[in-house]
Participant: 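Mind having a look at this structure? Questions to follow.
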Amino acid sequence: MITLPPGQKESTIFPRFGLPQYANRFPKELDKIQFEIGGDLEEFTIDQELNSLPRVKQVSDFHCVTTWSKLNLNWSGYRFKDFYTHLILPKVRGEMTFVVLKAQDGYKTSLPLKDLMQENVLLADQLDDQALNLEHGAPIRIIAPDHYGYKNLKHIKRIEFYREKKIVKQGFLSFMDHPRARVAYEERASRGPGIFFRWLYKFGIKGTIRDFEKATAEYKAKMKIDKNLLS
Ligand SMILES: Nc1nc2c(c(=O)[nH]1)N[C@H]1C(S)=C(S)[C@@H](COP(=O)(O)O)O[C@H]1N2
Ligand SMILES: [Mo]
């Protein structure tokens with residue numbers, strides 16, 4: 001028998017998902033892995049350096065705060081811990097504690113560094129042995145299975161490391177954002193018991209999936225037309 005975290009239900013599909021206002025926003029660069037590092041250190045860019053890290057494969061479950069869970073997803077990429085230890089730490093002075101994650105579609109989120117240093121947190125660039133697609137975070141995303149989906153930032157554009165905690169405006173109501181959002185503790189929102197938010201969020205699932213599907217189909221059709229005009 002499968003045991004799911006509190007308040008979660010198994011989903012047979014793995015939809016492109018998020019806050020409704022992101023349904024129509026798409027990353028510009030889908031193929032080339034390149035992102036900026038900033039915050040309390042001198043800015044630099046990461047691209048080829050990732051190849052120096054060990055590639056890891058991981059099967060993990062994905063839990064959206066709105067109560068759907070997709071089980072047994074096959075990711076591949078680099079451990080965040082290896083990334084931090086080998087590529088960031090040598091450039092750091094003092095002790096970093098807080099990380100801000102920014103995406104190509106304008107989405108942002110944050111987590112304590114210690115949460116990202118868990119063994120199962122990845123910078124993932126493959127799902128089912130294929131490069132990530134538009135739907136699931138191309139070209140590279142965060143996979144943090146112990147944290148709700150909204151901390152699993154897709155289309156990474158920039159990662160900022162800070163010594164102190166920052167307030168990150170996330171484009172959604174602040175009560176909806178928990179600073180850690182751990183699935184096991186049902187940290188669904190910054191205030192109030194998580195169990196209440198199960199009911200609130202659940203009703204939005206179907207409509208959100210539909211909006212994201214429609215926006216994705218329209219965008220793909222448009223991109224094809226653009227490509228044909230160019231060739
Ligand atoms: N860049 C970006 N990352 C994002 C989102 C988004 O809209 N944009 N939505 C978040 C939410 S709420 C969820 S549940 C997951 C969904 O991941 P999926 O689209 O691969 O299913 O992505 C998260 N990361
Ligand atoms: Mo989500």
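Every number for a ligand or one of its atoms is a count from 1 in the order of the listing.
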Participant: Would you mind checking which non-hydrogen protein atom is closest to atom 23 (C) of ligand 1, with the distance to 0.1 Å?
Facilitator: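 That would be G149 O, 3.2 Å.
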Participant: Relative to atom 14 (S) of ligand 1, which among G106, G18, A103, C64 owns the nearest non-hydrogen atom?
Facilitator: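 Checking each option, the heavy atom nearest atom 14 (S) of ligand 1 is found in C64.
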Participant: May I ask you to list the atoms of ligand 1 that are less than 4.0 angstrom from any heavy atom of R16?
Facilitator: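 Counting from 1, the qualifying ligand atoms are 19 (O).
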Participant: How does F14 reach ligand 1, if at all, at less than 4.0 Å between non-hydrogen atoms: by side chain, backbone, both, or neither?
Facilitator: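 The part of F14 near ligand 1 is the side chain, not the backbone.
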Participant: What do the steps show when you test T67 against R198 for side chain to side chain donor-acceptor pair (under 3.5 Å), and what is the final call?
Facilitator: CA-CA 6 Å; T67 71; R198 289 181 195 172; over 6 Å; no
Participant: Give the residue, atom name and distance (to 0.1 Å) of the protein heavy atom nearest atom 16 (C) of ligand 1.
Facilitator: F17 O, 3.6 Å
Participant: Non-hydrogen atoms of K70 versus ligand 1: any pair closer than 4.0 Å?
Facilitator: no
Participant: To which protein heavy atom is atom 22 (O) of ligand 1 closest, and what is the distance rounded to 0.1 Å?
Facilitator: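 Residue, atom and distance for the closest contact: R141 NH2, 3.6 Å.
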Participant: Judging by distance only, is a nitrogen or oxygen of N152 under 3.5 angstrom from one on ligand 1?
Facilitator: yes
Participant: Go through the side-chain N and O atoms of S190 and H178 and say whether any donor and acceptor fall under 3.5 Å apart.
Facilitator: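 No donor-acceptor contact under 3.5 Å links the two side chains.
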Participant: Could you give me the CA-CA distance, side-chain angles and deciding distance for N120 and Q118, then say whether side chain to side chain donor-acceptor pair (under 3.5 Å) is met?
Facilitator: CA-CA 6 Å; N120 62 355; Q118 281 177 215; 3.2 Å; yes
Participant: Tell me which protein heavy atom sits closest to atom 18 (P) of ligand 1, plus the residue, atom name and distance to 0.1 Å.
Facilitator: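 Looking only at protein heavy atoms, the one closest to atom 18 (P) of ligand 1 is H136 ND1, 3.5 Å.
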Participant: Which residue owns the protein heavy atom closest to atom 21 (O) of ligand 1, what's the atom, and how far is it?
Facilitator: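 Answer, as residue, atom name and distance: P15 O, 2.6 Å.
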Participant: To the nearest 0.5 Å, tell me how far L53 CG sits from Y84 OH.
Facilitator: 14.5 Å
Participant: For ligand 1, which atoms sit closer than 4.0 Å to a heavy atom of E135?
Facilitator: 19 (O), 20 (O)
Participant: Is it true that E42 and K91 make a salt bridge, defined as a side-chain N closer than 4.0 Å to a carboxylate O?
Facilitator: no
Participant: Assess R55 against Y78: is NZ or CZ under 6.0 Å from the centre of the six-membered ring, and within 45 degrees of the ring's axis?
Facilitator: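 R55 over Y78 ring: yes.
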Participant: Taking the non-hydrogen atoms of F62, is any one of them nearer than 4.0 angstrom to ligand 1?
Facilitator: yes
Participant: Does a salt bridge link D177 with K108, judged by any charged N lying under 4.0 Å from a carboxylate O?
Facilitator: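 Salt bridge absent between D177 and K108.
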Participant: Tell me the protein heavy atom at minimum distance from atom 2 (C) of ligand 1, and give that distance in Å.
Facilitator: D105 OD2, 3.4 Å
Participant: Taking the six-membered ring where the residue is Trp, are the ring centres of Y150 and Y107 under 6.0 Å apart?
Facilitator: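 No.
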Participant: Please report which non-hydrogen protein atom sits nearest to atom 7 (O) of ligand 1, along with the residue it belongs to and the distance in Å to one decimal place.
Facilitator: Y22 CB, 3.5 Å
Participant: Answer yes when E218 and K214 have at least one side-chain N-carboxylate O distance shorter than 4.0 Å, and no when they do not.
Facilitator: yes
Participant: Answer yes or no: does atom NZ of K70 have more than 12 heavy-atom neighbours from other residues, nucleotides or ligands under 6.0 Å?
Facilitator: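 Yes.
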Participant: What protein heavy atom is closest to atom 3 (N) of ligand 1, reported as residue, atom name and distance in Å?
Facilitator: K154 N, 3.0 Å
